[in-house]
Amino acid sequence: MAAVAHADTHVHGHEEAHEHHEPQSFIKKYIFSEDHKVIAKQYLISGIVWALIGGFLSLVFRLQLGYPGIDLGWLKPILGERWFDEAGKLDPNYYIALVTMHGTIMVFFVLTAGLSGTFSNFLIPLQVGARDMASGFINMLSYWFFFLSSVIMFCSLFVQDGPAGGGWVVYPPLSALPDAAPGSGTGMTMWLVSMAIFIVSSLLGSINYVTTVINLRTKGMTFDKMPLTIWAFTFTAILGILSFPVLLSAALLLIFDRSFGTSFYLSDIYINGQALPNQGGSPILFQHLFWFLGHPEVYIVILPALGMTSEIIATNSRKPIFGYKAMIFSMLGIMFLAFIVWAHHMFMTGMNPFLGSVFTLLTLIIAVPSAVKAFNYITTLWRGNIIFTPAMLFSIGLVSFFVSGGVTGIILGNSALDIQLHDTYFVVAHFHLVMGSAAFFGMVAGVYHWFPKMFGRMMNSTLGYIHFWTTFIGAYMVFFPQHYLGIAGFPRRYYAYTGFDFTNKYQDLAQVSTIAAIVVFAANLVFLCNFFYSIFWGKKATQNPWKSNTLEWTTPINVGHGNWEGEIPTVYRWPYDYSKPGAAEDFIPQNIPFSATPESNFPYENELIKEEKEIEGIQFDYSIPD
């Protein structure tokens with residue numbers, strides 16, 4: 001009884017099922033909606049738009065890297081005259097702006113807001129059995145703060161002195177002095193304002209997610225019955241709540257240094273032989289503040305993708321997930337360790353070698369829970385009755401990137417090796433595989449898997465297979481050669497390498513990366529066509545097309561606000577009862593009581609039958625939260 005008593009704690013109204021609502025205007029229903037499913041779609045479409053922009057920017061600077069001095073004048077109508085000289089060559093100052101904006105867009109606007117904003121919003125109420133988020137209004141605000149942040153960041157691309165430059169980490173003093181470089185002016189100010197608003201959005205969303213999971217679970221949904229997706233979203237939200245305020249403080253202090261004459265990050269700066277009055281600050285302080293968010297940010301990006309991969313792999317292997325509790329504790333371990341490894345990004349700042357060895361040890365330790373997750377995925381796949389849907393292929397692709405990229409992370413976590421490889425293309429290759437590609441594959445896998453629940457239709461599987469194989473092979477062709485470039489000494493963020501004699505023999509590797517990047521971008525245009533075509537004209541979905549166990553598949557095909565008509569289903573079992581011996585089918589949804597499946601119950605499950613009446617007898621509020 002104690003296991004289900006949590007449901008009593010959020011009885012705050014009379015029991016009723018709000019399956020009927022007064023008609024809403026188009027603006028209220030689709031623009032300023034408080035329905036978590038509509039907000040999830042808003043995040044998804046916004047994330048797709050930003051992925052197109054960020055991917056396009058990467059193609060521009062990859063063309064410059066693969067073919068230095070190439071005529072890109074045909075892009076003037078898109079980017080503007082000031083980006084190029086008269087011969088059509090990309091301006092070096094705008095090259096670094098392209099790199100900066102690409103990193104910012106992909107890390108924050110696509111893989112943080114687009115991934116977590118979409119699937120945390122969409123799946124948390126559906127999988128825990130809630131009518132909506134704890135606060136629909138705050139949920140709506142979180143999206144519109146994100147939208148405002150997006151507008152400011154997008155507009156910064158077109159200001160007179162160009163968008164922010166200096167890399168997506170915007171280290172001072174370059175970012176703290178408005179006159180330091182063309183990318184240090186108005187564009188940098190807009191970058192900082194946009195990020196401050198983005199952090200407000202993320203915090204509002206994260207608080208809502210944690211509150212919903214703790215307080216609005218349906219009858220019987222104890223913590224040990226939650227899907228791994230919900231555990232991942234919850235840990236991700238906690239990471240965001242604890243780390244994003246640190247980045248907000250870093251950005252605000254940087255704004256003070258830029259605009260109000262303070263010296264948090266500035267000291268002993270000379271420009272054209274003239275000393276600035278700033279004294280007492282330290283640019284290293286910004287690095288500490290930035291990476292205290294920056295490393296948890298890696299897991300804010302990857303944990304939701306890993307959670308969805310757990311669900312998709314178990315469903316399409318037709319097997320229980322291997323090591324359910326081990327997966328939870330591994331995510332808990334990752335969440336804890338993520339906060340105490342940030343300085344492995346700072347081995348080159350002159351830190352005490354002993355302190356460097358401490359962070360090296362902690363960085364190597366975090367590989368253990370990561371390896372547990374990879375091992376459990378592989379063991380779940382082992383001897384499974386695998387169904388190779390596009391979502392399953394992208395999930396397996398995620399595991400591949402997570403393993404191959406993680407191995408190079410062990411190399412870079414060693415301070416002695418990192419000193420040689422720091423700020424080379426080896427680092428670029430590492431994090432684009434383990435974080436960028438893996439998280440992107442998790443996001444796309446989630447789209448393919450939950451598209452029927454989002455839109456009531458199916459995506460085209462053939463186009464999905466084309467999308468997967470082209471993107472999977474292409475991503476490795478983009479980033480695998482960059483490991484060799486990094487070992488050869490190629491520093492990142494350089495406009496061209498034509499000034500070095502030793503680089504000429506490696507130019508073909510840079511060209512391979514460029515050509516592969518173009519192919520990958522084209523493959524994702526195929527995905528976009530499939531996505532938007534299927535929304536309107538795809539094959540109509542059945543209620544549970546993947547024969548999955550979690551609660552979202554018990555809702556009607558076209559889900560209204562409130563999610564379930566009538567009472568919310570009661571949960572009796574964990575979400576991974578696949579292929580149980582003796583069962584009539586190879587899946588048993590969470591809302592099926594043990595008393596209905598005596599032929600497949602294990603002995604301890606027969607003992608749980610006596611608790612079913614106690615679970616069903618709990619009084620519960622089914623109304624939509626205000």
Side-chain angles (χ1 to χ4, degrees), residues 51-76 78-80 82-85 87-107 110 157 162-169 174 181-183 405 408 421-433 435-437 440 471 473-524:
L52 279 174
I53 296 171
F56 171 74
L57 297 180
S58 72
L59 288 187
V60 177
F61 66 72
R62 276 253 48 101
L63 285 169
Q64 165 60 30
L65 290 170
Y67 305 92
I70 188 175
D71 183 359
L72 296 172
W74 53 277
L75 289 171
K76 287 183 180 180
I78 301 174
L79 295 176
R82 65 189 184 284
W83 290 70
F84 310 94
D85 64 16
K89 294 182 180 179
L90 182 66
D91 185 288
N93 289 311
Y94 285 98
Y95 169 83
I96 192 64
L98 285 172
V99 174
T100 301
M101 296 304 292
H102 166 74
T104 302
I105 288 167
M106 300 307 289
V107 170
V110 178
L157 289 168
W168 73 280
V169 293
L174 193 62
T408 55
L421 296 171
H422 186 80
D423 263 349
T424 68
Y425 268 89
F426 194 93
V427 179
V428 175
H430 157 69
F431 77 75
H432 273 89
L433 286 179
M435 186 182 82
S437 297
F440 180 78
T471 307
I473 296 171
Y476 269 119
M477 290 184 68
V478 172
F479 301 117
F480 206 79
Q482 293 178 9
H483 292 94
Y484 297 98
L485 294 176
I487 293 171
F490 276 62
R492 63 197 288 198
R493 302 192 183 115
Y494 272 40
Y495 171 76
Y497 301 92
T498 51
F500 306 94
D501 292 334
F502 81 93
T503 61
N504 294 327
K505 58 186 176 183
Y506 295 102
Q507 191 59 35
D508 55 344
L509 289 180
Q511 292 173 358
V512 167
S513 289
T514 298
I515 294 169
I518 295 171
V519 172
V520 169
F521 189 81
N524 283 280

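Values in this document were obtained by computation on a predicted structure and should not be read as measured data.
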Original post:
At their closest point, which heavy atom of Gln507 faces which heavy atom of Pro68, and how far apart are they?
Top reply: NE2-CD, 3.6 Å
**OP:** Any chance you could lay out the side chain to side chain contact (heavy atoms under 4.5 Å, CB included) test for Asn93 and Trp83, step after step, and finish with the verdict?
**Re:** CA-CA 8 Å; Asn93 289 311; Trp83 290 70; over 6 Å; no
**OP:** Of all the heavy-atom pairs spanning Trp168 and Thr100, show the shortest one and how long it is.
**Re:** CB-O, 3.8 Å
Original post:
Taking everything shown except Phe56 itself, do over 12 heavy atoms lie less than 6.0 Å from its CZ?
Top reply: yes
Original post:
Shortest non-hydrogen contact from Leu174 to Ala181?
Top reply: CD1-CB, 3.9 Å
**OP:** Check ring-ring contact (aromatic ring centres under 6.0 Å, His included) between Phe521 and all other residues, then give those that pass, not counting sequence neighbours.
**Re:** none
Subject >> Residues, nucleotides or ligands: over 12 heavy atoms within 6.0 Å of Asp501 CG >> reply: no
**OP:** Can you see which heavy atom on Leu421 is nearest to which on Val427, and at what distance?
**Re:** O-CG2, 3.4 Å
**OP:** Give me the ring orientation class for Phe61 and His102: parallel if the planes are under 30° apart, tilted from 30 to 60°, perpendicular past 60°.
**Re:** perpendicular
Original post:
Would you find a donor on one side and an acceptor on the other, under 3.5 Å apart, between the side chain of Arg492 and the backbone of His422?
Top reply: no
**OP:** Could you walk me through whether Ile96 and Arg493 pass side chain to side chain contact (heavy atoms under 4.5 Å, CB included), step by step?
**Re:** CA-CA 7 Å; Ile96 192 64; Arg493 302 192 183 115; 3.9 Å; yes
**OP:** Show the numbers, then the answer: is there a side chain to side chain contact (heavy atoms under 4.5 Å, CB included) between Asn504 and Tyr497?
**Re:** CA-CA 8 Å; Asn504 294 327; Tyr497 301 92; over 6 Å; no
Subject >> Those residues that, when tested against Thr471, pass side-chain hydrogen bond (donor to acceptor under 3.5 Å, both in side chains) (two or more places apart) >> reply: none
Original post:
Okay, side chain of Ser437, backbone of His432: is any donor-acceptor separation there less than 3.5 Å?
Top reply: yes
Original post:
Which atom names give the shortest non-hydrogen contact between Arg82 and Asp91, and what distance separates them?
Top reply: O-CB, 4.3 Å
**OP:** Search all heavy atoms of Leu57 against all heavy atoms of Ile105 and return the closest pair with its distance.
**Re:** CD1-CD1, 4.0 Å
Original post:
Does Tyr95 offer a backbone N or O that forms a donor-acceptor pair with the side chain of Tyr495 under 3.5 Å?
Top reply: no
Just distance, no hydrogens or angles: give the donor-acceptor pairs under 3.5 Å from side chains in residues 475-489, sequence neighbours left out.
| from | atom 1 | to | atom 2 | distance (Å) |
| --- | --- | --- | --- | --- |
| Tyr476 | OH | Ser400 | O | 3.3 |
| Tyr476 | OH | Ser400 | OG | 2.7 |
| Tyr476 | OH | Ser404 | OG | 2.9 |
| Gln482 | NE2 | Val478 | O | 3.2 |
| His483 | ND1 | Phe479 | O | 3.4 |
| His483 | ND1 | Phe480 | O | 3.1 |

**OP:** Please step through side chain to side chain contact (heavy atoms under 4.5 Å, CB included) for the pair Leu98 and Leu90, ending with a clear verdict.
**Re:** CA-CA 10 Å; Leu98 285 172; Leu90 182 66; 3.7 Å; yes
